[in-house]
Every structure is written in C-alpha cells, then in structure tokens.
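Input: a single structure, listed below in structure tokens.
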Protein chains: 2
Amino acid sequence: MKFGLRHMRYFLAVAEELHFRRAADRLGIAQPALSRAIQHLEAELGVVLFERSNRNVRLTPAGQEFLDGTHGILNAVDHTVENTRQVHAGGIGTIRVGYTDFAIAGTLPSLLQTFRGKQPGITLQPHHDVTTLQLEKLAAGVLDIGFVTGPVSKPDYEQIEIQQDQLVCIVHENHRLANRQSVRLDELANEDFIHGPPREWEHFYAHLMPLCRSAGFIPRIVQEAFNSAGILGLVASGMGITILTESSLIAARRGLIPIPIETTAEPLSTLAIWNPQSLSGSVARFTEFLQARMAQA
Amino acid sequence: MKFGLRHMRYFLAVAEELHFRRAADRLGIAQPALSRAIQHLEAELGVVLFERSNRNVRLTPAGQEFLDGTHGILNAVDHTVENTRQVHAGGIGTIRVGYTDFAIAGTLPSLLQTFRGKQPGITLQPHHDVTTLQLEKLAAGVLDIGFVTGPVSKPDYEQIEIQQDQLVCIVHENHRLANRQSVRLDELANEDFIHGPPREWEHFYAHLMPLCRSAGFIPRIVQEAFNSAGILGLVASGMGITILTESSLIAARRGLIPIPIETTAEPLSTLAIWNPQSLSGSVARFTEFLQARMAQA
DNA sequence: TTCATTGATGCCTAAATATTATCAAAAAGA
DNA sequence: TCTTTTTGATAATATTTAGGCATCAATGAA
C-alpha cells in the first residue's frame, strides 16, 4: 500500500462532490492534480473507484465500499490526533499516585477530590506504599507522584510540603498516663513501644529517633505492625504505647487516648515528590495544582 | 494535519521495537530517515511521542495514546483495502435482482439458491417487477440484473435465456372445457378473458396477441388483475378463463384446471438481462454463473 | 454545426522523502 | 581512566512524489 491519508481525503472530496473540478476547488488544488491522485489510488488498490464520463462521475460498488471505510478512518485519525494532543496538554490521562498512611489520614483525600473536580478527564490511580517503596517506584517509572514522609533528599526531583503533623503519644485508656494533659518524651523511656518495621518505616524513624535520643533513651519496640491501623490495634489491645501523628487517629478505635508531647521539635512533614522531567501533561497539571494550592495556604 | 499513513506505520514500528535502528531495519529504510519521519510527525502533532536517550527509547503517555489510535487506524485501512478489493473482484457485494411472476414461478428460485451457496459473500436483493419496469430500472441503475419476459431488443445489454414455458389455458373446474385433454386457440374466441394491464404486461401480450390473431380472434378481456395470483384468483371465482404458463400454477388454487393449447408456436421465454458495462464484480460473478449453468443444460 | 463543460495528459517546478557519511553522548569493557 | 561500542541526531545530496499550467478529446447543449 503506497497511498496515504492525502489520497483518502482527496477520494472523499470527489466521492462527496461527484465532480473533479469542484472537489479540487474544495481541496484548494488544481483539477489535474486531483485526477492524478485518484488514478494513483486506483492503481495502487487495483480497483476502479469511480465510473467517469465526460458528463458525470459516480461511485462503483467497490468505490462505495472504500468510501464507507474512508469515512471511519479519517474520523479515527482526527479523533486520535485530538486525544493525543489532549494527553500531551494534560487534559486527559492517568496519574499513578503513591501515598503513606500519614498522607491519606491528612489532607490528601480533599486534595485529590478537589483536583478530580477541576480535571474530570484525568484519572487518579492511588497506590498505598511506604515512603521507601514509593521512591523506588518513582525511580522505576511505576509511580508518577508520591506523597511521602519527609524530609527526602533527591536533587533531581521536585517536592512540596503539603502537611505538617505534631507527634502524639497514644496509650490505652487503662494506661498510667491516660489522663495526662501532656507528656514529656523522657517520661516514655521505659515504656513498651509498638511500631512499624524499621526498614520500611525508615523515614518516620529518621524523624522520631533523634528526638528520643536527645530525650536520653532508645525506645524499646516490643511489637511490629505493618501500618498505623495495625499499630493502633495492638495499642488498643494493651500491648504497649506508640507515637504517631495527630491525624492517624482519624479512624481510631475506642479506648485509645492521644496525649500531646511537649517538644520544640519540628513537626513531621508530608511531601509530594515527583520527577519534573516526566513528559506527562497530566502530572504537570497536577503538580501545578498542588503548587497553586499550597501557595495560597 | 500533514502526516500520512507512512508516518503512522513508522511510528508503529518504533513503538513496537522501542529502537530506531531495529525499527528502520524492519521497515526496510535507513535509520536517519526514520528519525526524521518521527521528528516530522511529532512537530506536526505538537506532541513528544518518544522519550529518547542514547541508551533507550520509550513512549510518553501521549505516545501511548497515539499508539492505541494508530493500531486501530492501520487495521481499519488494511481491512478497508481488503474489502474494497473483494467487492471489486466480486467476492462480496450486493446484487439487485428483478424478477417477473413467470421467472419466480420457474427455475429462478433454484438458480438463486445455488448461487447463494457458491458465493455466500454476495447478497441477492430481489425486486418483484414487470418486464417494462425492470428495463427502466436497469437503465436507471436501480437494478443490476433483470429476469424478464422475452424477447427484448436492447443491443447494449447482454441476455441469456433461462426458461421456456408452454402456454396453457386455465379454466374453472365447472367450465365447459374443464375435462378436455387439450384445446385449440380458436375454440377460445368467445370466452371471457382475465389478464394483466396491457401497458404493464406489454411483453406477455406481445407474445400472446399474435397467436390469437392468427387463430382469428382478439381476446375479450373482461377483468384485469395485477399479477398471476390475482388473475388465478379471478379465474377461480368463475369470472372467466386465462392463458398463462404452466409454471404459474405452482401456487395455484384448488378448482383450477390447466389445459394444454395445441399450437406450434415458440414457447414463452424468460431471459436474464444486464448491462455488461457494469463495474460490479458481484454481478459479473453472477452472470458468469448463469452462463456456465445454461451452457451445461 | 458550434460552443461549453469535463476529466485526462504532457511537461515542468517544487516539495517531500530517501540514502550515505558522520557526529555526539553515554554506557561497557579493559 | 581510556578506549570501544551503541544509539539517535544531523548534514549534504539524490530520488521520488505532488502540484501547477497549458492543452486535449469526448460529449451534450444551444
């Protein structure tokens, strides 16, 4: 097949006008060029598409068949071009979003909801993962943007803080500290702690451990759980206490008491992080949205 | 849009290979030509389709969207070309077939059935019309082939006889001739006749009238009906007699008696007639079929 | 008949597309 | 660290394709 879309557009014009000169006018070319192009097309197909006399032009049955196909094809081309440009510009597309327990317990749900309202053509595909895993998936191109626990040092990536959480100590209602208004970290030195696996909760530990260390102790972790819900469940069962963010209590169980911790330390920050070299228009729209939203707050 | 199917085929090759040189090899062109073509396509769309480094090539989200569309379009093109060629060659298509009462009562049904078995891709579209109307519709291009009452003098058309019918006299069972083995035409001189409208049954009359005239009478037509079934119905009601072909009695009513007519005249012939200049491959297949079929009989 | 209309053809120019040779960047191996 | 290899991009040039203008041949209308 050595014909192209040009031939098909020319054919369509002739099939609609049933008149070479008028079709040529409509196409903005000279009539002989059109005659030639149709001849070329017919030779290429090995099929006579028009029955011409000096007085009129009409489609052969094969020409009619080709016309039917041509209509669909030219429409599909326009449609595909339009869609491709939309995806490029970010009007439609899919964004693979990673999030941590802390992010999803905080402001992320309202962020996503607002964005979906503004960009209904963009599908958000959420992936629940700890920070470390999200960073690996970003690098592998499996995720487009991550909502992770900061700080993160990745010079090639852009990031923006979307949330700050004060740490709170969470105890069972029967615990000796349950009715305290606040607590100092050093008072927790001899408690049994429940937390996530150190390798996976690496970024949270990186925030918490220095605080404990300057309070003069290293927390004794007696039990591990894989996520906040699991940790809170174990705390509720009376196995120990934990330190998490305020917002983690959103879906908390009865019988758990949050106690603010007296500290001058920075709160725990949750960041959006993404690769600015990504060629996804949708992601660009999303990050622009995030930046505008954070600037105004 | 200034790109063509060529660009899309090239794009498809690169998208599948994710490697310019291999894709170029597959396409049978040099690698620089391919690089250029993809650049041209990207410029035309205003969209980056591939993310290239010196070490690997991958699709952008917009490129993925374009790939999806391209698949469908290139398939549709192949499909359309294939179908168009098939229609041209006559493998698929539609034939608009006209037929008279005499044709459909005779061998035509078995002809059509056999043809349909041999060419399942070809749709036969039957149109019931008298000879005169069929000839007009053939000229207007509304019919592709007619099965008409001969003889017909149309030098530009091809024709082939498919059937010969002896005329019979048909009377009501109470009629005075009802138990005759045969009858001479002149014995019918004073009968009341039932027939079709002269203008529309022109070709049948052209056969019958000369016979009557040489038998020494002009039939007195007391009632007209539009088709054989109507005529036979009126004969069955006792209003008169008629002269039709043997095969017309296929769907005859009870109480009707056919009586052979003693004559040396030629039987009534039914012809297939068509315009050999028609560019329809399907019609060509059908007429070849008819000719082969008639030659072997 | 003469005239007007219409698609096809010949010839030339311009634009698009291809080829070969070569470059520049980056990963792999010594 | 310094080659070597791999890979896509670029430059210069040839070839193919498309378009324009002038004109023809056929056909129906005045």
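Owing to the predicted nature of the structure, the values given are computational and were not obtained by experimental measurement. Below, read A as the first sequence line, B as the second, and so on, with proteins coming before strands; counting in each chain starts at 1.
- One can place CG of A/Asn54 at 11 Å from C1' of D/dC24, the figure rounded to the nearest angstrom.
- As a whole-Å value, the separation of A/Ile38 CD1 from D/dA18 P is 12 Å.
- Minimum atom distance to the side chain of A/Arg36 is reached by C/dC11, of the listed D/dA9, C/dA18, C/dC11.
- One interatomic measurement links the two molecules: CD of A/Glu44 to P of D/dT17, which rounds to 10 Å at whole-angstrom precision.
- In this entry the distance linking CG of B/Leu27 with P of D/dG8 reads 13 Å, nearest Å.
- Nearest to the side-chain atoms of B/Val57 among the listed nucleotides D/dA12, D/dG8, C/dG10 stands D/dG8.
- Nucleotide C/dG7 holds its P atom 9 Å from the CG atom of A/Asn56, rounded to whole Å.
- In this structure, CG of B/Asp25 is placed 14 Å from C1' of D/dG8, rounded to the nearest angstrom.
- Listed candidates were D/dA9, C/dA8, D/dG19. Nearest to the side chain of A/Arg6 is D/dG19.
- At a cut-off of 3.5 angstrom, counting only N and O atoms as typed in the model, there is a donor on one side and an acceptor on the other between the side-chain of A/Gln31 and the base of C/dA8.
- When each of C/dT6, C/dG10, D/dG8 is scored by its nearest atom to the side-chain atoms of A/His19, the top-ranked nucleotide is C/dT6.
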Q.
Walk me through whether A/Phe11 and A/Phe3 qualify under ring-ring contact (aromatic ring centres under 6.0 Å, His included).
A. CA-CA 11 Å; A/Phe11 167 80; A/Phe3 66 90; 9.9 Å; no
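- Aromatic ring orientation, B/His7 versus B/His40: perpendicular (interplanar angle above 60°, classes split at 30° and 60°).
- Contacts of B/Tyr10 with the nucleic acid, taken as non-hydrogen atoms under 4.0 Å apart, involve only primed sugar atoms and P, OP1 or OP2.
- Put simply, A/Lys2 has no side-chain N or O that comes within less than 4.0 Å of OP1 or OP2 on D/dT16.
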Q: Dump the intermediate steps for side chain to side chain donor-acceptor pair (under 3.5 Å) on B/Gln31 and B/Ser35, then the final yes or no.
A: CA-CA 6 Å; B/Gln31 170 265 316; B/Ser35 283; 3.1 Å; yes
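- At the heavy-atom level, A/Phe3 lies nowhere under 4.0 Å from the strands shown.
- The side chain of B/Arg55 approaches D/dT6 more closely than any other nucleotide in the set D/dT6, C/dG10, D/dA11.
- Ring pair A/Phe115/A/Phe289 is tilted by interplanar angle, where 30° to 60° counts as tilted.
- Between B/Gln39 atom CD and C/dT17 atom C1' there is a gap of 14 Å when expressed in whole angstrom units.
- Residue B/Ala30 is classed as a base contact, given a heavy-atom separation below 4.0 Å to a base.
- We find that CG of A/Leu5 is positioned 16 Å from C1' of D/dA18, with the value rounded to whole Å.
- Using bins of under 30°, 30° to 60° and over 60° for the plane-to-plane angle, the ring pair B/His128/B/Tyr99 lands in the parallel bin.
- The residue from A/Glu200, A/Lys137, A/Arg199, A/Glu202 that alone fulfils the side chain to side chain donor-acceptor pair (under 3.5 Å) condition with A/Thr132 is A/Glu202.
- Out of D/dG8, C/dT17, D/dC21, the shortest distance to the side chain of B/Ser35 is found at D/dG8.
- Comparing B/Pro32 and A/Leu34 against DNA chain D, the residue whose closest nucleotide sits nearer the 5' end is B/Pro32.
- Comparing B/Ala33 and A/Arg21 by the nucleotide of DNA chain C that holds the closest heavy atom to each, the one mapping nearer the 5' end is A/Arg21.
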